[in-house]
Protein chains: 2
Amino acid sequence: MTKARKALLELLKESKEPVSASMLSGDPALPFDQATIYRNLHYLEEQGFAESFILHCTEHGTERYYSYLSRGEGVHHHWFHCEKCHKFIDLGGCAYQEQMKEWEQKYGFIITEHTFFLTGICASCKS
Amino acid sequence: MTKARKALLELLKESKEPVSASMLSGDPALPFDQATIYRNLHYLEEQGFAESFILHCTEHGTERYYSYLSRGEGVHHHWFHCEKCHKFIDLGGCAYQEQMKEWEQKYGFIITEHTFFLTGICASCKS
DNA sequence: ATAAATTTGCAAATGACTTGCAAAAATGCC
DNA sequence: GGCATTTTTGCAAGTCATTTGCAAATTTAT
């Protein structure tokens with residue numbers, strides 16, 4: 001593990017919400033080139049330390065967001081994203097494993113990944 | 001409705017799978033500038049004639065895919081995407097409306113949109 | 001029709017992400 | 001630890017989907 005990777009992983013682990021490359025490369029704890037950030041986000045995901053999804057929001061455009069994944073505990077989380085304040089709310093671990101298996105049997109395909117998230121306006125921004 | 005919009009809507013309506021801007025602007029039935037394609041895809045979605053999601057696949061990169069939405073029938077579809085042959089399989093109308101409502105009540109937010117799709121290898125490519 | 005409002009094509013810009021390459025850091029081996 | 005080998009990093013330039021300014025062309029309203 002290089003310095004950059006350790007630092008990145010540390011930040012992902014501590015973050016309560018998914019973060020994008022642009023958010024990370026602005027962080028003083030990550031004084032690395034953006035190419036390094038991108039390359040290592042790929043690396044961490046590939047190694048099973050992180051997972052990601054692409055989200056588009058009007059204010060921040062289209063970006064990939066990463067979150068920490070404790071290796072072994074296979075269950076990833078799903079998120080709600082507030083378009084106003086750009087906060088993410090954790091909806092808890094994925095509860096669709098059964099459904100996925102049913103679909104695999106029904107259609108005969110193999111699911112390697114699924115993407116699920118919500119977009120809207122959070123409770124605070126609503127009022 | 002302008003010529004471009006009618007032609008685009010027609011293509012979307014006839015397409016059995018979601019299509020991206022690049023696929024559309026290659027189509028001889030759509031002899032329009034790419035800017036026009038993009039602008040009108042936005043227009044059609046805004047008017048409720050289409051819906052879209054962003055999907056990344058190794059071979060085709062990151063693109064937004066559009067599909068026709070008959071106005072009134074509120075139920076959109078979810079899709080499986082094969083990474084090998086780049087085909088989409090229709091999983092049927094969204095069955096998560098109830099779950100969405102429950103989440104809205106539990107968390108107090110308003111869901112304006114949800115994204116859900118599967119990625120993997122289809123039955124034909126598997127063998 | 002004719003004027004006013006909207007849309008189109010063109011070409012340049014944007015922004016996230018990627019890549020080639022030489023220097024720097026991590027790793028393997030003694 | 002010290003040296004050779006492999007991998008990673010920074011830099012700068014490149015990609016690629018998508019967007020935008022603006023004048024010309026098409027729609028729409030009257």
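Below, chains carry the letters A, B, ... as their sequence lines are ordered, and counting in each starts from 1.
- For DNA chain D, no neighbouring residue in residues 10-26 of chain A is found when judged by any heavy atom under 4.0 Å.
- Residues Phe80(B) and Tyr107(A) place their aromatic rings such that the two centres sit no closer than 6.0 Å.
- Between Phe116(A) and Tyr96(B), the ring planes lie perpendicular to each other; the angle is over 60°, past the 30° to 60° tilted range.
- One interatomic measurement links the two molecules: CD of Glu63(A) to C1' of dT14(C), which rounds to 14 Å at whole-angstrom precision.
- Taking atom NE2 of residue His60(A) and atom P of nucleotide dC17(C), one finds them 13 Å apart after rounding to whole Å.
- Atom-to-atom, OH of Tyr65(B) to C1' of dT18(D) comes out at 14 Å; the value is rounded to the nearest Å.
- Regarding Tyr43(B), its OH atom lies at a distance of 15 Å from the C1' atom of dT8(C), rounded to whole Å.
- Atoms CD1 (Ile54(A)) and C1' (dG15(C)) sit 14 Å apart, rounded to a whole Å.
- Other residues, nucleotides and ligands place more than 12 heavy atoms under 6.0 Å from the NZ atom of Lys126(B).
- Side-chain contact between His86(B) and Glu59(B) is absent, with no heavy-atom pair separated by less than 4.5 Å.
- Distance CE (Met1(A)) to C1' (dT9(D)): 16 Å, rounded to an integer number of Å.
- Asp90(A) pairs with exactly one of His78(A), Lys16(A), His77(A) by the side-chain hydrogen bond (donor to acceptor under 3.5 Å, both in side chains) rule, that one being His77(A).
- Atom CD of Gln47(B) and atom C1' of dT6(C) are 13 Å apart (whole Å).
- In this structure, CZ in Arg39(A) is found 13.5 Å from CD in Glu46(A), a value given to the nearest 0.5 Å.
- For dT8(D), the OP1/OP2 oxygens have a side-chain nitrogen or oxygen of Arg5(A) closer than 4.0 Å.
- Considering every non-hydrogen atom in both Leu8(A) and Leu30(A), the closest pair reads N-CD2, 3.7 Å.
- As rounded to whole Å, 12 Å separates atom C1' of dT18(C) from atom NE2 of His56(B).
- The closest side-chain donor-acceptor pair between His114(A) and His76(A) falls under 3.5 angstrom.
- Using a 4.0 Å cut-off on heavy atoms, none of the residues of residues 77-88 of chain B approach DNA chain C.
- DNA chain D is contacted by Gln34(B), Ala35(B), Tyr38(B), Arg39(B), His42(B) of residues 32-42 of chain B, taking any non-hydrogen atom closer than 4.0 Å.
- A pairwise comparison of heavy atoms in Tyr66(B) and Leu12(B) identifies O-CD2, 3.9 Å as the closest pair.
- For NZ of Lys87(B), the number of neighbouring non-hydrogen atoms (other residues, nucleotides, ligands) closer than 6.0 Å is 12 at most.
- Between Phe88(B) and Phe53(B), the ring planes lie perpendicular to each other; the angle is over 60°, past the 30° to 60° tilted range.
- Close to dT18(D), at under 4.0 Å from its OP1 or OP2, lies no side-chain N or O of Thr62(A).
- A sub-4.0 Å separation between OP1 or OP2 of dT7(D) and a side-chain N or O of Thr2(A) is absent.
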